[in-house]
Amino acid sequence: MKRFQCPYCGVGCGLYINEKGKVKGDFEHPANLGDICKKPLYLPKVLNRGRIAKPMYRENKSHSFREISWEEAYEILKEKLISFSPDETYFYLSGQLLTEDIYVANKFVKGFLRTNNVDANSRLCMASAVTAYKLAFGSDGVPCTYEDVDDADAFLFIGSNAAVAHPVLFKRVLKRRKEEEKVIIVTVDPLETETAKRSDVFIQIKAGTDTVFLNSVLYVLHKEGWIDYRFIYNYTEGFEEALEVAMKFPPDVAASICSVKPEDVYLVAELFAHSKKLISFWCQGLNQSLNGTMKNLALINLHLATGRLNEKGCPFSLTGQPNAMGGREVGYLTNGLPGYRDVRNKADRAFMEKFWGVKGIKKEPGPTITEAIDMILKDRIKFLWVVCTNPAVSLPNLEKVKRALEKVFLVVQDAYWNDTCEFANLILPAAQLGEKEGVMTGSDRTVTFCERFSEPFGESKPDWLIFTELARKMGAEELFPYSSPKEIFEEFKASTKGRLCDMSNLSYENLPARWGKRWLYEDLKFPTESGKARFHPARVDVAAEEGMFILLTGRLKNNWHTMTRTGKSPELLKGEIPPFVIMNPRDAEELGIEEGEEVILSAKGKEITRVVRFGNVKRGHIFAPFGYPSEYGEPTNLLTSDRTDPYSKEPDLKYSGVDVFVKVNR
Ligand SMILES: Nc1nc2c(c(=O)[nH]1)N[C@H]1C(S)=C(S)[C@@H](COP(=O)(O)OP(=O)(O)OC[C@H]3O[C@@H](n4cnc5c(=O)[nH]c(N)nc54)[C@H](O)[C@@H]3O)O[C@H]1N2
Ligand SMILES: Nc1nc2c(c(=O)[nH]1)N[C@H]1C(S)=C(S)[C@@H](COP(=O)(O)OP(=O)(O)OC[C@H]3O[C@@H](n4cnc5c(=O)[nH]c(N)nc54)[C@H](O)[C@@H]3O)O[C@H]1N2
Ligand code: SF4
Ligand SMILES: [Mo]
């Protein structure tokens, strides 16, 4: 029996694989207590389907690949990395790598090459939550844990379809409701999702308007005298400024902007005012937005205004990927350094320089991934190394992305052949979970050790080993002495000592374990300058795009993102292909569209074909899953725009103007 953390969502369930090769939920793991959802059940079946077996190379992209040895691959990388200046190179990592992989890659880029040109797919995912958490609390650790679900009596899901995206956690919430009649679940979404269907109240909001809605809730709390002034006075700052913005949105005004009823605003205000313990869960419906940071702040403001922290509740940002939290701890975004440090902070740089034994860590954060795409097109970045993510499907404005991928010298390090490989010069086969050891951190800060349960496929190598071997060939033996992931974990964990995310007491042997106190801010002292939590005026800048419909994008229930792994299992594909779009039947009727019919969605001169499914999506909105790779036709992200939130630089993947046409050949 080998234990590991599920490689899919951020709930971070503990699983094990038994002697018969079956995957089961681990009863001793605090994240899931033995529960499991459907996706990982098929893991053993898909581990070896469609894998990359050997390094492959082509200097010229119009030629076909030839298989090469690892030695040759390292020589090519070394030569390229020497020929370009560090700032002409760029690294794009992933929240699905193990912490040890991320630590070594980040050290290689920020410590050894000395450029901050490194970002991760978390930019498309958690960046707004990270930014808002840091602004409000001074750190982006999640304040509470899953245990808090078990005695909460009110749950708000806003911009989260947890029943599909975080199923085991959602089941825990449903179990809690079964225990006590007064427990209430409220969902705010433009689409009546599975989460909405299983909630007590569904508020069908117009996309992009959450900041208005949440400001209006603050308005009501204030008007009704439901504010916890003692809490505000003792533990927070900035309330007045936040309230000033909120006062512009009485419920009737907000209701008309958000296209909801004024009573909906009151209902959420009452949750904040009167429940015993309220947990607000959110995910990409708030994060992936032009005003993603503001949406997050508006929600956190409500928790601060009513003192809903610790025993009274929590603003709980659901992490998407299995180890995006680990990436945050290691600091893999453009500005991060290990142990929740930041390149912009002189003391943080000085610490890491000494710790690593390097000089000159750059103080300016590097460009984010969407900025890097622009810089490739302007010839300022010439080398791109993509690790464990599939940007040819998952980045917005794909036509532009593809031009950039075509132009740049591209290295793809992946376990499976994916759409991004088609643009590569060099392909490196990576060992995946199960073929390597290391740790991951789930949504609630629980760190799990993942054991190895099979041999690396073909000539594939663990990601940490690829960076280590290359660095050593480039003369950095002392910086990268590692012969096992354990040595890397020991080094990383030493860098966290005395920090908020202190993991120095964790070891491969005593995991799973959570870092930090059960409530991260148990003593209501926050890692901000003043030690107080901060309100922020949640300014409203409603997104506007041209088009007949607002295109919402999101997830499939049984498939994981770009389907490189789950898509190899017919059991998981069933019911999720061909690619579909959800339309409101009344909108469809007006256009003469019938259910099951193919339609063309078009935006900015790009077109994709989808089969219509009817569903209760708000009128004027349509919903399309985004992960379909090219084998199923044109990807959804041809239609999404690369406009980003000004603070988090997270793209607005949930609000694009599109037109819908009936396909002519009917
Ligand atoms: N099965 C499965 N599970 C997954 C994944 C997967 O690929 N498949 N991916 C994982 C990852 S990395 C992530 S980040 C999470 C994502 O998890 P979620 O964010 O829960 O999933 P999404 O479907 O992206 O979006 C959630 C909801 O946001 C709504 N929404 C869109 N715009 C708005 C808005 O303006 N306001 C509000 N209130 N709602 C809005 C959408 O209608 C959608 O129902 O899922 C994780 N879990
Ligand atoms: N329109 C729209 N676009 C979106 C989103 C949306 O909601 N709407 N959501 C965004 C979000 S939140 C996310 S997280 C991204 C996800 O987008 P991606 O990160 O592009 O999606 P994945 O399919 O998870 O890609 C992971 C890749 O890693 C590979 N892999 C698996 N294990 C390993 C390993 O151990 N090592 C290596 N080297 N490779 C491995 C897999 O084969 C796969 O190719 O998509 C974003 N894009
Ligand atoms: S809920 Fe998430 S972590 Fe748990 S088994 Fe399902 S996909 Fe894996
Ligand atoms: Mo994500």
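Just follow the structure's listing: the first ligand is 1, and inside any ligand the first atom is 1. The figures here come from the full heavy-atom set of this structure, side chains too, leaving out hydrogens, waters and symmetry mates.
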Exercise for the section: Taking the six-membered ring of F580 (Phe, Tyr or Trp), confirm whether the NZ or CZ of R610 is under 6.0 Å from its centre and within 45° of its axis. Expected result: no
Practice task
Take the angle between the ring planes of F409 and Y57 and call it parallel below 30°, perpendicular above 60°, tilted in between.
Solution key: tilted
Practice task
Could you give me the CA-CA distance, side-chain angles and deciding distance for Y90 and F383, then say whether ring pair (Phe, Tyr, Trp, His ring centres under 6.0 Å) is met?
Solution key: CA-CA 6 Å; Y90 198 88; F383 172 102; over 10 Å; no
Fill in the blank from the handout: Counting only protein N, O or S atoms and ignoring waters, those under 2.8 Å from atom 6 (Fe) of ligand 3 are C37 SG
Problem - Those atoms of ligand 3 less than 4.0 Å from some heavy atom in G12 - result: 3 (S)
Exercise for the section: Please check if atom NZ in K649 has more than 12 non-hydrogen atoms from other residues, nucleotides or ligands closer than 6.0 Å. Expected result: no
Exercise for the section: Answer yes or no for K402 and F423: cation-pi contact, defined as NZ/CZ to six-membered ring centre under 6.0 Å and angle to ring axis within 45°. Expected result: no
Practice task
Say whether D189 and N161, considering side chains only, have a donor N or O and an acceptor N or O under 3.5 Å apart.
Solution key: no
Practice task
Could you tell me whether a side-chain N or O of R123 sits under 3.5 Å from a main-chain N or O of I369, the two making a donor and an acceptor?
Solution key: no
Exercise for the section: Please check if any side-chain donor atom of T566 sits under 3.5 Å from a side-chain acceptor atom of Y42, or the reverse. Expected result: no
Problem - Side chains of D414 and T564, donor plus acceptor under 3.5 Å - result: no
As a test of reading the model: which N/O atoms of the protein lie under 3.5 Å from N/O atoms of ligand 2, and at what distance?
unit_1, atom_1, unit_2, atom_2, d
ligand 2, 1 (N), T553, OG1, 3.1
ligand 2, 1 (N), N637, OD1, 2.6
ligand 2, 3 (N), N637, ND2, 3.2
ligand 2, 7 (O), Q288, OE1, 3.1
ligand 2, 7 (O), Q288, NE2, 3.3
ligand 2, 7 (O), R555, NH1, 3.2
ligand 2, 7 (O), K654, NZ, 2.9
ligand 2, 8 (N), T553, OG1, 2.8
ligand 2, 9 (N), Q288, NE2, 3.0
ligand 2, 9 (N), R555, NH2, 3.1
ligand 2, 17 (O), S394, OG, 3.3
ligand 2, 19 (O), N121, ND2, 2.8
ligand 2, 19 (O), T389, OG1, 2.9
ligand 2, 20 (O), T389, OG1, 3.1
ligand 2, 20 (O), N390, N, 2.7
ligand 2, 20 (O), N390, O, 3.4
ligand 2, 20 (O), S394, OG, 2.6
ligand 2, 23 (O), T562, N, 3.0
ligand 2, 23 (O), T562, OG1, 2.6
ligand 2, 24 (O), Q96, OE1, 3.3
ligand 2, 24 (O), Q96, NE2, 2.7
ligand 2, 24 (O), W560, NE1, 3.1
ligand 2, 24 (O), H561, ND1, 2.9
ligand 2, 28 (O), C388, O, 3.3
ligand 2, 28 (O), D414, OD2, 3.4
ligand 2, 35 (O), A431, O, 3.4
ligand 2, 35 (O), K436, NZ, 2.9
ligand 2, 36 (N), D463, OD2, 2.9
ligand 2, 38 (N), Q413, O, 2.9
ligand 2, 38 (N), D463, OD1, 2.8
ligand 2, 42 (O), D414, OD1, 2.6
ligand 2, 42 (O), T564, OG1, 2.8
ligand 2, 44 (O), D414, OD1, 3.2
ligand 2, 44 (O), D414, OD2, 2.7
ligand 2, 44 (O), N418, ND2, 3.0
ligand 2, 47 (N), S394, O, 2.8

Handout entry: W70 six-ring face occupied by K461 cation (under 6.0 Å, within 45°)
Key = yes
